[in-house]
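For the numbers below, each heavy atom of this structure counts, side chains included, while hydrogens, waters and symmetry mates do not. Just so it is clear: chains get the letters A, B, ... in the order the sequence lines come, proteins before strands, and each one is counted from 1.
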There are 2 protein chains.
Amino acid sequence: MRKDAQINQQKILDAAANLFKERAVSKVSMKDIAQVAGIGTGTLYRNFPNKSELCMALSLDYIQQFITGEEAQLQNPSSSANKQFEDFLTRWLEFRERRIQLLTEIETGPSVMSTFYHSPLYQQLVNLTMQALKPISDNISKAELKFRADMLISMLKSDSYAYQREQGLTREQIAINISHLMIKRCD
Amino acid sequence: MRKDAQINQQKILDAAANLFKERAVSKVSMKDIAQVAGIGTGTLYRNFPNKSELCMALSLDYIQQFITGEEAQLQNPSSSANKQFEDFLTRWLEFRERRIQLLTEIETGPSVMSTFYHSPLYQQLVNLTMQALKPISDNISKAELKFRADMLISMLKSDSYAYQREQGLTREQIAINISHLMIKRCD
DNA sequence: ATAATAAGCGGAGCATACTCCGTTTGTCAA
DNA sequence: TTGACAAACGGAGTATGCTCCGCTTATTAT
């Protein structure tokens, strides 16, 4: 990679980060970002094929950090499996609320499939979620565990979550309801 | 409503339906529709504030029909609760696959909240789903039942479902996995 | 029938995502 | 150092969703 290209990539990330601090992600256009970065739109798009990918790049560190932290937590369980899972959920929802604008862009952009589902990060997220689900899901195959991880992630995607919040549920209530649903339960 | 306005609305619906038969929904622009309908874009947008709403209008009958049919089925159960639920799921997925392009436009458009979640149709769909879930969900509050209906709908939304299919799961496998997850289960 | 009026029309125009391609520049072999 | 060239640049251009507003027309009261 040429040196100037590397510098431009950083300029883009900086410009985007600054603009996203100033106003809502949805209110920042790609042209705005190029302008503030002091580059042409062509250069912007060569570095990041669309807004979602740019947001993904900006979220990478945060998400990696979250995953690393949670993996540590799950390694040495400090409470019951159920409590452990509920806490995991709560922290995941907390994390998401903090970065909701970037995540919404990623999850609702026209390129969800490639940007979100096909990213290595999604795989990591699924792996983490599987680890969190395993202790509360006896006797299910790996394939089914993966399926449930996918479903859990899907349930908490921005649109669905926003709707639940709008309906009046708090983060905690949502975490509890999800727990009830996912935890192996006998009447 | 003025008579010419009513005629135009029909012209729009016809034009859209025809174009959507010719090529993919995503490959048809609002301008195309206006042109084929023989009206201005302003008129088009006065009738349908965005592409998602137009797709919703085109789906209304189909969905209504599905709901009505399922309500009948659920009224006189012909098999075990579990089987009943799995069959409901299968039919829902079948229905969705048949209309997937319209549904994708509705569920992934920028106006999901108003077009999808806040539509009376979503309420009906939730009610139906609650009816389907009730026999397999002992002892849960109405609020929690509604929550689970929301989650079920969310899990099967176009992005999430497309991903599962892409992963190699068949419609039947997905229905089974979902059933396992939703049906009250004891080890 | 006619005039007044509100309901509706249409398309120019705007914003934004994204592409294309002629020009420039960093890199590296000689 | 310099020449050659791939890599990268940048911005004009395109496509599309959507708005705005001056003009037209159906309706209705007289």
Fill in: Worked verdict on Q173(B) versus Q164(B) for side-chain hydrogen bond (donor to acceptor under 3.5 Å, both in side chains)
CA-CA 10 Å; Q173(B) 287 174 311; Q164(B) 293 304 323; over 6 Å; no

Practice prompt. Please step through side-chain contact (heavy atoms from CB on, under 4.5 Å) for the pair M130(B) and R148(B), ending with a clear verdict.
Written response: CA-CA 8 Å; M130(B) 285 171 72; R148(B) 288 192 189 181; over 6 Å; no

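Both V25(A) and L44(A) belong to a single network of hydrophobic side chains, linked directly or stepwise wherever heavy atoms of I, L, V, M, F, W or Y lie under 4.5 Å apart. Following chains of ILVMFWY side-chain contacts shorter than 4.5 Å, one can reach V126(B) starting from Y62(B), so the two form part of one hydrophobic cluster. Linking Ile, Leu, Val, Met, Phe, Trp and Tyr whenever their side-chain heavy atoms come within less than 4.5 Å leaves I100(A) and L19(A) in two separate clusters.
One axis for each end of the helix from dA1(C)-dT30(D) to dA30(C)-dT1(D), each built from five base pairs, and the angle between them comes to 0° at 10° resolution.
L44(B) comes within 4.0 angstrom of nothing in the nucleic acid, heavy atoms only.
For Y122(A), the ring pair (Phe, Tyr, Trp, His ring centres under 6.0 Å) partners two or more places apart in sequence, or in a different chain, are F116(A), Y117(A), Y163(B). Under the side-chain hydrogen bond (donor to acceptor under 3.5 Å, both in side chains) criterion, Q101(A) pairs with no residue, sequence neighbours left out.
Nearest-nucleotide mapping onto DNA chain D: of P49(B) and N47(A), the residue sitting toward the 5' end is N47(A).
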Enumerate all atom pairs, one protein N or O and one N or O from nucleotides 14-17 of chain D, separated by less than 3.5 Å.
from	atom 1	to	atom 2	distance (Å)
dG17(D)	OP2	M30(B)	N	2.9

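Within 3.5 Å, no donor on the side chain of R2(A) pairs with an acceptor on the base of dA8(D), nor the reverse.
We find that CZ of R46(B) is positioned 16 Å from P of dC23(D), with the value rounded to whole Å.
Using a 4.0 Å cutoff on non-hydrogen atoms, the parts of residues 4-12 of chain B near DNA chain C are D4(B), A5(B), N8(B), ordered by number.
Interatomic distance, CZ of R46(A) versus CD1 of I39(A), reported as 8.5 Å (0.5 Å rounding). Separation of atoms CG (L58(B)) and CD1 (I106(B)) is listed at 8.5 Å; rounding is to 0.5 Å.
D87(B) and T90(B) are not linked by any side-chain donor-acceptor pair at a separation below 3.5 angstrom, with hydrogens and angles left out of the test.
A heavy-atom distance below 4.5 Å is not found between the side chains of T104(B) and Y161(B).
Counting non-hydrogen atoms of neighbouring residues, nucleotides and ligands closer than 6.0 angstrom, the NZ atom of K146(B) exceeds 12 such neighbours.
Below 30°, between 30° and 60°, or above 60°: for F88(A) and F85(A) the angle between ring planes is between 30° and 60°, a tilted geometry.
Of all nucleotides in DNA chain C having an atom under 4.0 Å from a heavy atom of chain B, the first and last in 5' to 3' order are dA7(C) to dA12(C).
Listed candidates were dT27(D), dA7(D), dC9(D). Nearest to the side chain of K3(B) is dT27(D).
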